[in-house]
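One structure below.
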Amino acid sequence: MLKSVTSSGVAAPQATTGATSPQAKMVTISINGKEVEVKEGSTIIEAYYQSGLDIAHYCWHPGLSIAGVCRLCMVEIEGNPRLQIACNTTVVAGMKVNNSSAKVKDAVKWGLDFHLINHPLDCPICDQAGECGLQDQYMKYGQYDSEMGEQKVKKHKVVDLGPRVVLDSERCILCSRCVRFTDEVSKTHELGIFNRGDRAEIGTFEGKPLANNYSLNTVDICPVGALTSRDFRFRQRVWFLKNAETVCTGCSTGCNVKVYFNKEGLFRMKPVYNPNVNGHWMCDVGRDTYKFVNKEARLLEAKVVSSGKSQEMPAMELAKKLGATLRGHGTSAALVLTGSYSVEEYEAIVSYFKTDVGTKNIYHWINNPETFDSFDGLLFRGDKNPNTRGLLEVLKAQGISGSWKELVDGIGTGAIKTVVVAGPENQANFPDMKVKIAELSKVAKLVWLTSGKNAELDALTGDVALLPVKSYVEKAGSFVNHAGLRQQVDRVMTVVPGAVSLTELVDLMKEVGDAMTVKSTAATETVPAISANQIGQGRINNEFTLSRGVW
Amino acid sequence: MAEIKYLSEHYAKPEYQTLDGYKKFGGYEMLAKALKMEPQKIIDEVKASGLRGRGGAGFATGVKWGFLPNNGEPRYLLCNADESEPGTFKDRVMMERAPHQLIEGMLISAFAIKSNKAYIYIRGEYMGPAAILEKAIAEAKAAGLIGKNILGAGFDCELDLYLGAGAYICGEETGMISSLEGLKGQPKLKPPFPAVQGYLRKPTIVNNVETLAAVVPIIRDGAAGYRKYGTEKSAGTKLFSISGNVNKPGTYEVPLGYPLMDLINIECGGLKPGRKLKAVVPGGSSAPVLTAEECKTATLDYECLAQLGSMLGSGAIIVIDDSNCMVDVLSTISHFYHHESCGQCTPCREGTGWMERIIHGIVHGHGSEGEVDLLLKIADNMKGRTICALSDAAALPVLSFVTKFRDEFEYFIREKKSKVRGGQIYAQISH
């Protein structure tokens, strides 16, 4: 569950989110005989959404322009003999609209049939099955026997639109959402509809593959199985996946996302609508931030290398040993922090070092300083850490202002004898990983806290300890994004049972010799962090949240 | 009443194509006259004349011009010369015989609606008429009739020709605007209507070739003079393109309200000996077909044909005698609409193909029982459900052919052969 709490800064709303001002004037209209209040200037389809009522549609999407081509959102407006499409008709006070009459139902049924006559009926082998707009809406508005007895139109299958997206033209219903996305949101214009009539197909222009950093959004908004993600397709049936909301840790934007997982691990990520952060979208780089969480990439047990001998042990045991070593260690100990951890973790470990260890030698490892302030204009930021701002705030509040040079000098002179590194979670975002390991391993004793495996760390021979920490889906905590928006997330699941969060580590280190109070969670306990009634809570302007589905 | 040469008075004279020849018969005098008038006065005159759009919809021209918002934005006048409705070829005759008449009509209209930029959008297949128009435009430009300060009246107007690529859908006004903008020729969602946001999102008026040419005699004779022809609600004369089983097919100008059978029997010399009239498509292939019985009372005006459940459309009359199999005819028509659907709206994209495949199957002896009713259901659900009227254009012939000549369809399905021409299968449908 996400709770957005504005801390030090005001969240900058994204231009693409379509957030409406809360003071919008309201008008009263009647929908299916029920009086409802809707925002003035809304279209009828928006009025349905604002009132929580169902309406069939494919091509309309709240984050895109109106195409009006699927012809499914038919409504009857009193005084108008012709059925109208709800997406391109603006409400007028006193308007009487319905989509429950036999006339509308029949039109929607036929609209569905037109969509389905040339659509392959091979749902069992289609990757979209289970989250398909055609399936869902057929069950809701269709349930008829098709009278189509002709040969279906043959089109291209398994077309590579780009490195991440695969197209099946026969499944495509030509709603044009993907084309509008590349025209209006990513503004990269790779996609077009080629040919005409029922020979029309989505495609890319010569020499211009769908290779922008937002390409996978087209897969999300594709209502059918036409566009699939190369990364996810055929890896898991969607009904075997649970999902939970969290924030993306790929950069400092902090896009609201859903992670899809089961006991084998995480499989994919999709954006969750938040007008104040990411609108409807997320970037392709962010989509990969589930990969380093899965077991294959993780450090499973703590490891201690000492006088040439390597020994594995439970993280908790190592934590206690560390606690004994560090207590009162004083200024010969140092702590290195990266922007991967939660505010709560920073608070715990910084105050532990200040009071229990007795040092203010705490340093911020900035991964890519030269591109730190860059921004692609949509969502993707050069600061590829989820919580740099949270870290800086904690350091400031605790009066810490050490420079990296001090640390290097300290190691060089031998003044610093022990360095604890809260290493990066997403190692791919730390191009200087090797350099920093080489630099820091010069110290007498190096303790590296890491969620992921790393070959360089494994190869170190001095006095080194590696301790597995939890990844962002395994712990609760809050992250402050680039704009100062503090977003709180709950634990989603446990991937590595032996891993600890920094807060738990601090607790363990403090309780040297005492009875253990922190218990690890068994891997099988993959309970989603959200209970149903919490969905949508705490987020602003949530009228189009995906909890209602994209349709 | 009989055939009347009102718009087409000088069409027979080859010199009328040239600027000098056109001027010899009073050419561009009406432009000079109009430029001295108040633009609003011209609009009022056109309104009073009762001139209705000759492209098919029959919307009152003056009223359409009145929809332009007074917001100081640049306005565009577009001449729709895409003439792609099967059976229609009257604009072609007008552009070939009297290119300057169209140019003069456009300049007067542009002046009336205060537009300084006009385009003629001509269909890709009309390379001949396009060449003639291009020459005429060049002549007019050289003579100072197009460009800056036309006839010293302080009115600037540029006029250019744009050749389409041969798509039926580009005859739909917003499809034409998309094409002119360099986009894929697909109709745009309305509202906004072109008069408010058209070409380049600026106020735009789209008129048919014949409509714009008719503005010239309206200025010459005044609204009352124009109203001498036609009926109260369908004023003036109209050019009709007559094709099919008549002895003298061609383009004829008659006053609106003229009896259909007179046009067939008198002007067009009737049917071939021994043949009987079976049906007439009165307004281009998309207009519902009329039976021989219905033709008896039909007059060529918007109201009468609407009353008969059909439409005057672009004035393309296709005469069908009793040697034709109606299933064959519909098969050809349905193939056309399937081929031309732009594919934007689902009912049209999928429905046109579905109907064609069913009719194609019937014509090839693969029809099955229930398909007649299925065709009616499909067509009924395509009607009025899309952005533009192409879906209706595809559905209406199916509805009318199948309803009015149901026995021929049922016979074909049952006997696997045509009721009219027997067992011979025509290889007439190409893919």
Side-chain angles (χ1 to χ4, degrees), chain A residues 43 57-60 65-74 80-85 87-90 103-104 106-119 134 144 146-153 155 172-176 179 183 192-202, chain B residues 165 167-170 175 183-192 335-362 366-371 373-375 377-388 390-392 394 431:
Chain A
T43 57
H57 66 87
Y58 286 124
C59 67
W60 178 81
S65 68
I66 298 162
V69 295
C70 75
R71 317 305 288 182
L72 264 197
C73 62
M74 289 285 179
N80 195 328
R82 270 192 166 193
L83 297 182
Q84 298 295 315
I85 50 170
C87 63
N88 196 41
T89 314
T90 309
K103 192 176 169 186
V104 176
D106 195 50
V108 172
K109 192 213 92 170
W110 270 93
L112 274 169
D113 204 15
F114 284 127
H115 276 92
L116 283 163
I117 58 165
N118 282 314
H119 187 89
L134 283 177
Y144 57 86
S146 178
E147 293 177 83
M148 169 74 172
E150 312 302 316
Q151 277 257 313
K152 288 176 190 258
V153 176
K155 290 183 183 176
C172 175
I173 56 166
L174 295 159
C175 68
S176 79
V179 180
D183 282 347
I193 296 177
F194 298 85
N195 220 323
R196 82 187 169 201
D198 56 12
R199 287 92 59 214
E201 287 184 48
I202 298 289
Chain B
Y168 175 71
I169 196 62
C170 293
L183 305 171
K184 189 176 180 183
Q186 280 185 334
K188 297 181 183 197
L189 204 54
K190 286 153 272 189
H335 173 66
F336 175 79
Y337 289 108
H338 176 209
H339 186 251
E340 294 296 339
S341 167
C342 82
Q344 200 176 192
C345 306
T346 311
C348 176
R349 177 182 70 234
E350 306 294 340
T352 49
W354 192 2
M355 291 195 308
E356 197 221 332
R357 274 172 273 162
I358 291 173
I359 299 162
H360 185 261
I362 296 174
H366 311 305
S368 56
E369 219 181 314
E371 283 187 342
D373 288 316
L374 180 57
L375 277 174
K377 272 193 276 181
I378 299 168
D380 202 44
N381 280 290
M382 287 168 63
K383 229 175 31 160
R385 299 271 167 85
T386 50
I387 290 176
C388 81
L390 196 147
S391 191
D392 295 61
H431 286 280

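So that the names make sense, note that chain A is the first sequence line, chain B the second, and so on, each numbered from 1. Computed from a prediction, not measured in an experiment: that's the story for all the values here. All values below come from the heavy atoms of this structure, side chains included, with hydrogens, waters and symmetry mates left out.
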Value rounded to 0.5 Å, distance of [atom1] in [X] from [atom2] in [Y]:
X        : Y        : atom1 : atom2 : value
B/Thr346 : A/Leu116 : OG1   : CG    : 10.5 Å
A/His115 : B/Glu350 : NE2   : CD    : 8.0 Å
B/Arg385 : A/Leu72  : CZ    : CG    : 11.0 Å
B/Ser341 : A/Arg199 : OG    : CZ    : 7.5 Å
A/Arg196 : B/Cys342 : CZ    : SG    : 9.0 Å
A/Phe114 : B/Ile378 : CZ    : CD1   : 6.5 Å

I'd like to know which of B/Thr352, B/Ile169, B/Leu390, B/Thr386 tops the heavy-atom pair count under 4.5 Å against chain A.
B/Thr386
Which one wins on heavy-atom pair count under 4.5 Å against chain A: B/Cys345, B/Gly185, B/Gly351, B/Ser368?
B/Cys345
Heavy-atom check, side chain of [X] versus side chain of [Y], under 4.5 Å:
X        : Y        : result
B/Arg357 : A/Asp198 : yes
B/Arg349 : A/Val69  : no
A/Asp113 : B/Trp354 : yes
B/Glu356 : A/Glu150 : no

Any idea which of [options] has the most non-hydrogen atom pairs under 4.5 angstrom with chain B?
options                              : answer
A/Ser176, A/Gly68, A/Cys175          : A/Gly68
A/Cys70, A/Ala200, A/Gly192          : A/Cys70
A/Ile85, A/Ile193, A/Leu174, A/Leu83 : A/Leu174

[X] versus chain A, the contacting section by heavy-atom distance below 4.5 Å:
X        : value
B/Gln186 : neither
B/His366 : neither
B/Ile358 : both

Contacting region of [X] [heavy-atom separation from chain B under 4.5 Å]:
X        : answer
A/Ile117 : side chain
A/Ile66  : both
A/Lys152 : backbone
A/Met148 : both
A/Gln84  : neither

Report the C-alpha distance between B/Asp392 and A/Arg82 in whole Å, list the side-chain angles of each, state the deciding distance to 0.1 Å, and finish with yes or no for salt bridge (Lys or Arg N to Asp or Glu O under 4.0 Å).
CA-CA 13 Å; B/Asp392 295 61; A/Arg82 270 192 166 193; 3.6 Å; yes
Could you work out, with salt bridge (Lys or Arg N to Asp or Glu O under 4.0 Å) as the rule, every residue matching A/Asp183, not counting sequence neighbours?
none
Would A/Asp106 and B/Lys377 pass as an ion pair if we require N to O under 4.0 Å?
no
